[in-house]
Amino acid sequence: MAPSKPNSTNASGDANIQYARPENGVSEFSDSLSLFHSEKAVQELLQQTPILGTDDHLIEFSEALRTVAKTLRRAAEGKASAQAEAAEWKRRYELEMARNHKVMSSTDCIADPSHREQNNGPDCQRPETSTDSYEPGNHANGKSEDFLVNGICSHEILQDGGASSDAKAVQNRMMRKASFKLSWWCKGDDGNQDKHDIVSFEKGNITTAGRTSKQISLKWETNPQTVLILTKPNSVSVRILCAQMVRWLKEHQKLNIFVEPRVISELLAESSYFKFVQSWKDDSEISRLHSKVDLVVTLGGDGTVLWAASMFKGPVPPIVPFSLGSLGFMTPFHSEHYRDCLDSILRGPVSITLRHRLQCYVIRDEAKNEYETEEPILVLNEVTIDRGISSYLTNLECYCDNSFVTTVQGDGLILSTTSGSTAYSLAAGGSMVHPQVPGILFTPICPHSLSFRPLILPENVTVRVQVPFNSRSPAWASFDGKDRKQLAAGDALVCRMAPWPVPTACSVDSTGDFLRSIHEGLHWNLRKTQSFDGPRES
Ligand SMILES: NC(=O)c1ccc[n+]([C@@H]2O[C@H](COP(=O)([O-])OP(=O)(O)OC[C@H]3O[C@@H](n4cnc5c(N)ncnc54)[C@H](O)[C@@H]3O)[C@@H](O)[C@H]2O)c1
Ligand SMILES: Nc1ncnc2c1ncn2[C@@H]1O[C@H](COP(=O)(O)OP(=O)(O)OP(=O)(O)O)[C@@H](O)[C@H]1O
């Protein structure tokens, strides 16, 4: 409703004005009225005092009075109209708040996990009409996050930009992304509280607050609806398992399924039953996948988890990695129990490892600054800068936040995440680090020096590896063992922690899974126990 405007004055100059009553209060309204009364008074005064043509001062005075009266009237009109407009905006705001409140109440009904079975029932419908009024806030890369007191909350709605037709609108409502909440969970801690304080100023002493091993737990607030299955290529056992899993997820969990285009062809070659399975056509659709998919399932080894992570250049949905490879450091789930595993994960809560990634920039010599670079590349394991096919030593100048670190003279350098600490970095002599530890491992490859021990740098640094101008040969960068890029003399590789981690579901918890992987995968510190009989200290 447009705000009412004041009526204009009548021919005799009478300010016969009626206003829409501003909602902000009576006093402003009476102020406006008195201004108009003063204009009326000025005009009456002028009419009662005939002005002689010879009296120039009086003419000037009367003109000035008229101007003042006009100005007063305009000011009053402007004020009243602004007040009416403000009242109208207030009314719209309150209406919108009431509507949102209604939507939230009905969403709460869905969020209650005890309603999982009833969600499809008539008592607790999804708020279908709400998509018109409920908009995600202003979020980087379309990600919506609410930081709650005890955790991180995600509410995302799938909106393929530009949905115009009714059918698309209905599909968008159907494909609403599941909402979940992440919270810290400490063994034996009933309070579920994260303790942030590390410094106490009491009595001037610096103390470290008790920090127990924290486990992140994901609790669905609305039911997951869409699952992406990614599979290792060229494996018959993976292909068979994938078909079984798709069928089960559709028939028993009523989920939408996405797979890669290659897998769609494989499924359809097997049976036309799989017509409902969805895929994508080009890279632009892949870049929007994160907004459609609630859960990613990988069927393969660690390489398939790396592949899954590389598909998401921004936020990554939770990944459930099933082991169908030889070594499984990041694949804690056994494929033979996939029904029970997925059933429990779809119900939640799920323990999660937030695996940090590195964001790498290749900076060419001609670039004037860091921002004139190619697209950043995100790695889950590591970026390696090595000598490639060259038989010369690499010469790499390394800086950490602009401080000189060292020059690597050897086969190369690995900048690894803690998840990657059990991969190439380990083979090059780096330490194994729990994946939940944020940091950058700085591990040389075959350094030609007796004292080059590996380093672990903190999470907040930027590392720059520069190929010097006097280098005898170019260096090569590779990202999670893929995508080799040549670094010529003068080029550099800059790397820092990425803002988008890879959440992987745990079979037990972060620590349990990590220890299991190094025990079973590497037989870490396996040694026959010393026998009881033998010499003893007296
Ligand atoms: N000398 C080495 O150990 C060496 C050499 C090259 C690459 N790699 C690793 O291979 C990775 C690429 O893996 P891929 O599967 O695509 O190639 P791939 O098929 O050649 O497999 C390499 C091996 O690394 C293992 N691996 C991968 N990520 C791991 C991790 N986080 N922890 C423990 N082991 C892990 C895999 O299970 C596999 O056995 C690279 O990121 C690099 O870390 C290792
Ligand atoms: N969906 C995929 N599309 C293309 N390549 C993939 C895909 N999944 C995995 N790969 C690649 O296939 C290779 C092997 O995958 P993966 O490591 O999962 O299996 P594996 O080698 O049998 O397992 P393990 O390494 O444990 O022995 C990796 O280099 C990986 O990058």
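Residues take their numbers from the sequence shown, with the count starting at 1. Order of listing sets the numbers, starting from 1, for every ligand and every atom in it.
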Looking only at distances, can you tell me whether any N or O atom of Gly303, backbone or side chain, sits closer than 3.5 Å to an N or O atom of ligand 2?
yes
Counting only non-hydrogen atoms of the protein, does one fall under 4.0 Å from atom 11 (C) of ligand 2?
no
Which residue and non-hydrogen atom of the protein lie closest to atom 39 (O) of ligand 1, and at what distance in Å?
Leu327 CD1, 3.8 Å
side-chain contact (heavy atoms from CB on, under 4.5 Å) between Thr231 and Val259: does it pass, once the steps are laid out?
CA-CA 8 Å; Thr231 59; Val259 296; over 6 Å; no
Among all protein non-hydrogen atoms, which one is nearest to atom 10 (O) of ligand 1, and what is the separation to 0.1 Å?
Asn381 ND2, 5.0 Å
Do me a favour and list the nearest non-hydrogen protein atom to atom 9 (C) of ligand 2 with residue, atom name and distance?
Thr304 OG1, 3.4 Å
Pro454 side chain near Leu441 side chain, heavy-atom distance below 4.5 Å
no
Can you tell me which portion of Val305 lies within the under-4.0 Å heavy-atom range of ligand 2? Options are side chain, backbone, both, or neither.
neither
Nearest to atom 13 (O) of ligand 1, what protein heavy atom do you find, and at what distance?
Leu306 CD1, 3.6 Å
Within a distance of under 4.0 Å, is there any protein heavy atom near atom 21 (O) of ligand 2?
no
Part of Ser419 with heavy atoms under 4.0 Å of ligand 1, whether side chain, backbone, both or neither
backbone
Atom 17 (O) of ligand 1 touched by protein (heavy atom, under 4.0 Å):
no
Is the contact between Pro233 and ligand 2 made by the side chain, the backbone, both, or neither, using heavy atoms and a 4.0 Å cut-off?
side chain
Can you tell me how the ring of Phe442 sits relative to the ring of Phe452, calling it parallel under 30°, perpendicular over 60° and tilted otherwise?
tilted
shortest atom 34 (N) of ligand 1-to-protein heavy-atom contact is with Phe329 CD1, 3.4 Å
I'd like to check which ligand 1 atoms, numbered from 1 as shown, lie under 4.0 Å from a non-hydrogen atom of Asp480.
12 (C), 40 (C), 41 (O)
Just to confirm my output: which protein heavy-atom neighbour is closest to atom 26 (O) of ligand 2, and how far is it?
Leu327 O, 2.8 Å
Parallel, tilted or perpendicular, judged at 30° and 60°: which one describes the rings of Phe322 and Phe333?
tilted
Do me a favour and list the nearest non-hydrogen protein atom to atom 25 (O) of ligand 2 with residue, atom name and distance?
Ser326 OG, 4.5 Å
Hey, which atoms in ligand 1 end up nearer than 4.0 Å to a heavy atom of Gly303?
14 (P), 15 (O), 16 (O)
Of the listed options Ala423, Gly300, Gly481, closest to atom 30 (C) of ligand 1 (non-hydrogen atoms)
Ala423
For Arg357, does its backbone N or O pair with a side-chain atom of Trp500 as donor and acceptor, under 3.5 Å?
no
Below 4.0 angstrom from a heavy atom of Thr231, which ligand 2 atoms are there? Numbered from 1 as shown, please.
1 (N), 2 (C), 7 (C), 8 (N)
Looking at side-chain heavy atoms only, is the closest gap between Leu354 and Pro503 below 4.5 Å?
yes
Atom 26 (N) of ligand 1 has as its nearest protein heavy atom Asp302 OD2, 3.7 Å
Please answer whether the main-chain N or O of Glu397 pairs with a side-chain N or O of Thr407 as donor and acceptor at a distance below 3.5 Å.
no
Nearest heavy atom to atom 9 (C) of ligand 1: which of Phe479, Trp307, Tyr424 does it belong to?
Tyr424
Test side-chain contact (heavy atoms from CB on, under 4.5 Å) on Val405 and Leu455 and set out the steps.
CA-CA 10 Å; Val405 182; Leu455 296 177; 4.1 Å; yes
Is the closest protein non-hydrogen atom to atom 23 (C) of ligand 1 under 4.0 Å?
no
Working note: Ile229 + Leu249, criterion side-chain contact (heavy atoms from CB on, under 4.5 Å); need CA distance, chi angles, decisive distance, verdict.
CA-CA 11 Å; Ile229 303 177; Leu249 285 171; 3.9 Å; yes
Heavy-atom protein neighbour under 4.0 angstrom from atom 28 (N) of ligand 1
yes
At less than 4.0 angstrom from any non-hydrogen atom of Ala427, what atoms of ligand 1 do you find?
1 (N), 2 (C), 3 (O)
Against heavy atoms of Arg262, which atoms of ligand 2 measure under 4.0 Å?
1 (N), 2 (C), 3 (N)
At what distance is the nearest protein heavy atom to atom 14 (C) of ligand 2, and which residue and atom is it?
Lys232 CD, 4.4 Å
Scan His434, Gln436, Gln215 and name whichever one has a side chain to side chain donor-acceptor pair (under 3.5 Å) with Thr511.
His434
Do the ring planes of Phe274 and Phe276 sit parallel (below 30°), tilted (30 to 60°) or perpendicular (above 60°)?
tilted
Tell me which protein heavy atom sits closest to atom 43 (O) of ligand 1, plus the residue, atom name and distance to 0.1 Å.
Glu382 OE1, 2.5 Å
So which heavy atom in the protein is nearest atom 29 (O) of ligand 2, and how far is it from that ligand atom?
Lys482 NZ, 3.0 Å
So for Leu230 against ligand 2, with non-hydrogen atoms under 4.0 Å, the contacting part is neither
Return the closest protein heavy atom for atom 3 (N) of ligand 2 as residue, atom name and distance.
Trp307 CE2, 3.1 Å
Just which atoms of ligand 1 are under 4.0 Å from any heavy atom in Lys482?
16 (O)
Would you say Asp411's side chain and Ile445's backbone share a donor-acceptor pair under 3.5 angstrom?
no
Would Thr304 and Leu299 satisfy side-chain contact (heavy atoms from CB on, under 4.5 Å), going step by step from the backbone distance to the final call?
CA-CA 7 Å; Thr304 311; Leu299 307 180; 6.0 Å; no
Can you tell me which residue and heavy atom of the protein come closest to atom 23 (O) of ligand 2, and the distance to 0.1 Å?
Gly325 CA, 3.5 Å
Side chain or backbone of Thr422 under 4.0 Å from ligand 1, or both, or neither, by non-hydrogen atoms?
both
Given that the side chain starts at C-beta and the backbone is N, CA, C, O, which of these parts of Leu380 lies under 4.0 Å from ligand 1, counting heavy atoms, or is it both or neither?
neither
Output yes when a side-chain donor or acceptor of Lys177 lies under 3.5 Å from a complementary backbone atom of His290, and no otherwise.
yes
When you compare the side chain of Val305 with that of Thr331, does any pair of heavy atoms fall below 4.5 Å?
yes
Would you check, one step at a time, whether the test salt bridge (charged side-chain N to carboxylate O under 4.0 Å, His left out) holds for Arg496 with Asp401?
CA-CA 10 Å; Arg496 60 175 76 101; Asp401 284 345; over 6 Å; no
Below 4.5 Å, heavy atoms only, C-beta onward: do Val508 and Arg516 meet side chain to side chain?
no
Can you check which of Gly300, Gly301, Ser235 brings a heavy atom nearest to atom 16 (P) of ligand 2?
Gly301
